[in-house]
Amino acid sequence: MKGIALFPENKAIQTFYAMTLFNLEEHGTAMQLLLECLIETTRDEEIFKYKNAIRFYSDKLNEVWE
């Protein structure tokens with residue numbers, strides 16, 4: 001967390017932190033952080049088109065939508 005506080009724009013630090021969260025079984029938070037990193041750094045037009053939807057659902061991954 002200190003690295004993220006010191007370098008809030010560093011996506012590599014955030015990625016490693018997400019892996020740490022995954023290892024700590026904080027899967028939802030890890031996925032949310034990775035998805036945020038993805039949409040903030042992607043150059044892929046198909047992913048970029050769905051940026052808002054990915055951001056919206058990134059903290060709702062365990063919800064079931066009917």
Side-chain angles (χ1 to χ4, degrees):
M1 290 289 280
K2 185 176 181 179
I4 291 175
L6 291 172
F7 305 100
E9 300 300 317
N10 187 314
K11 300 303 178 203
I13 291 174
Q14 292 176 24
T15 300
F16 281 105
Y17 181 57
M19 290 188 291
T20 300
L21 290 171
F22 182 87
N23 285 328
L24 295 173
E25 298 186 11
E26 294 186 35
H27 304 125
T29 305
M31 280 295 299
Q32 182 179 0
L33 183 54
L34 285 175
L35 288 169
E36 284 291 328
C37 285
L38 173 68
I39 61 175
E40 290 177 12
T41 62
T42 190
R43 292 183 183 154
D44 184 287
E45 291 181 26
E46 294 300 314
I47 293 173
F48 194 75
K49 281 197 282 189
Y50 293 97
K51 177 179 79 169
N52 291 335
I54 292 169
R55 180 171 280 131
F56 175 79
Y57 290 115
S58 69
D59 65 344
K60 299 167 184 61
L61 296 174
N62 289 321
E63 291 187 31
V64 177
W65 303 88
E66 295 181 27

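Source: prediction; values computed, not measured.
Under the side-chain contact (heavy atoms from CB on, under 4.5 Å) criterion, T20 pairs with L24, sequence neighbours left out. For E40, the side chain to side chain donor-acceptor pair (under 3.5 Å) test picks out K11, with sequence neighbours left out.
Among residue pairs with one or both ends in residues 46-66, those qualifying as side chain to side chain donor-acceptor pair (under 3.5 Å) are E36-R55, E46-K49; sequence neighbours excluded. Sorted by first and then second residue, the ring pair (Phe, Tyr, Trp, His ring centres under 6.0 Å) pairs involving residues 3-33 (not counting sequence neighbours) are F22-H27. Within the structure, no pair that satisfies the ring pair (Phe, Tyr, Trp, His ring centres under 6.0 Å) test touches residues 28-48, not counting sequence neighbours.
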Open item on the list: Please evaluate residues L33 and T15 with respect to the criterion side-chain contact (heavy atoms from CB on, under 4.5 Å), reporting the C-alpha separation (whole Å), side-chain torsions for both, the decisive distance (0.1 Å), and the verdict.
Closed with: CA-CA 8 Å; L33 183 54; T15 300; over 6 Å; no
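Listed for the Q14 side chain is a donor-acceptor partner under 3.5 Å among the backbone atoms of P8.
When all heavy atoms of C37 and T41 are compared, the pair lying nearest together is O-OG1, 2.7 Å. In this structure, A18 and A30 approach most closely via the heavy-atom pair O-CB, 3.2 Å.
In this structure, the separation between CG on L21 and CD on Q32 is 10.5 Å, given to the nearest 0.5 Å. A distance of 8.0 Å separates CG in L6 from CD1 in I13, rounded to the nearest 0.5 Å. Rounding to the nearest 0.5 Å places CD1 of I47 at 10.0 Å from CD1 of I39.
Side-chain contact between L61 and L35: present, with at least one pair of heavy atoms (C-beta onward) separated by less than 4.5 Å.
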